[in-house]
Amino acid sequence: MLKKFLSKNIQVLDQIETWREAIKIAAVPLVEDMSITHEYIISMIENVEKNGSYIVIAPGVAIPHSRPEHGVLKTGLSLLKLKKGVMFPEEKEVKIIFVLAANDNETHLELISELANLIMEEEQVAKLFLAKNEAEALECIN
Amino acid sequence: MLKKSLLIIDPAGLHARPVSILTAEAIKHKSKIEIEFDNRKANLKSILSVMGLGVTPDSKIMIYVDGEDEETALSGLMEAFKVNKLAM
């Protein structure tokens, strides 16, 4: 499921100054393919402001997301890989951002579960951290 | 070893936020703490491990606590499940 969703939604960039900007840019492919509205981006940012950086679920990896009713039009997933890390609250440095948008709770759990299993594969993630372009990044997704 | 069966009442299941709350409680304790769902076990001290289970609403889970502080660990976890309306 991950590869199918990510095939056209990967960006590899050098650097972004702030975590808010990083979430916005990471979500652009999902706005463009009509998976989410701008409201969803605002909601993801507010979620971090309110609840902290729990979305940084492994060293260097964040999965910003919000509730289906906050602007999900259809289920989608995007990936932003940064060469230089961006700081999230609580001094957490992030280089890999998966934006998660699920239009129902069941799909949300499935996507999170698949992502978690991917992120536990150390070898794949190590390769993803080094990916120089979109194609290299996509190769790391099973 | 102690174990406790629970029913997930959070309408969204154990999504990212609840899992982060539970792992934060679990890592306070020395005991080995596991969660079982759908015949699969995960380490309750690892966010990724628990998220990998994809625990759905209205499902039954089992918590296993094993170690020198197992009683305080289990009561701390039950409090976290209850206060955050995750399971009963």
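To find a chain, count down the sequence lines: A is the first, B the second, and so on, and within it residues start at 1. What you are looking at is a predicted structure, and each value in this text was computed from that prediction instead of being measured.
Under the 4.5 Å side-chain heavy-atom criterion for Ile, Leu, Val, Met, Phe, Trp and Tyr, A:Leu115 and A:Met44 are members of distinct hydrophobic clusters. Cluster annotation: A:Leu128 is not connected to A:Leu80 through the hydrophobic network of ILVMFWY side chains, with a link wherever side-chain heavy atoms come within less than 4.5 Å. Transitive grouping of hydrophobic side chains (ILVMFWY, heavy atoms separated by less than 4.5 Å) keeps A:Ile25 and A:Phe5 in distinct clusters. A:Ile112 and B:Leu44 fall within a single hydrophobic cluster, where Ile, Leu, Val, Met, Phe, Trp and Tyr side chains are chained together by heavy-atom contacts under 4.5 Å.
Other residues, nucleotides and ligands contribute only 12 or fewer heavy atoms inside 6.0 Å of the CE atom of A:Met34. Within 6.0 Å of CD on A:Glu69 lie more than 12 heavy atoms contributed by other residues, nucleotides or ligands. Within a 6.0 Å radius of NZ in A:Lys74, other residues, nucleotides and ligands contribute more than 12 heavy atoms. Annotation for A:Glu17: atom CD does not count as buried by contact number, only 12 or fewer foreign heavy atoms lying within 6.0 Å.
The ring-ring contact (aromatic ring centres under 6.0 Å, His included) contacts involving residues 16-44 of chain B comprise nothing, where partners must be two or more places apart or lie in separate chains.
B:Ile21 does not touch chain A: none of its heavy atoms, backbone or side chain, sits under 4.5 Å away. Residue B:Val50: no heavy atom, backbone or side chain, is found under 4.5 Å from chain A.
To the nearest 0.5 Å, atom CE of residue B:Met51 and atom CD of residue A:Glu114 are 14.5 Å apart.
Listed in order of number, the residues of residues 88-109 of chain A that approach chain B to under 4.5 Å between heavy atoms are A:Asn105, A:His108, A:Leu109.
Residues B:Gly52 and A:Ala116 approach most closely at N-CB, 3.6 Å, considering heavy atoms. Shortest non-hydrogen contact noted between A:Tyr54 and B:Ser20 is CB-OG, 3.6 Å.
Highest contact tally toward chain B, considering only A:Asn117, A:Ile119, A:Asn51, is held by A:Asn51 [criterion: heavy-atom pairs under 4.5 Å].
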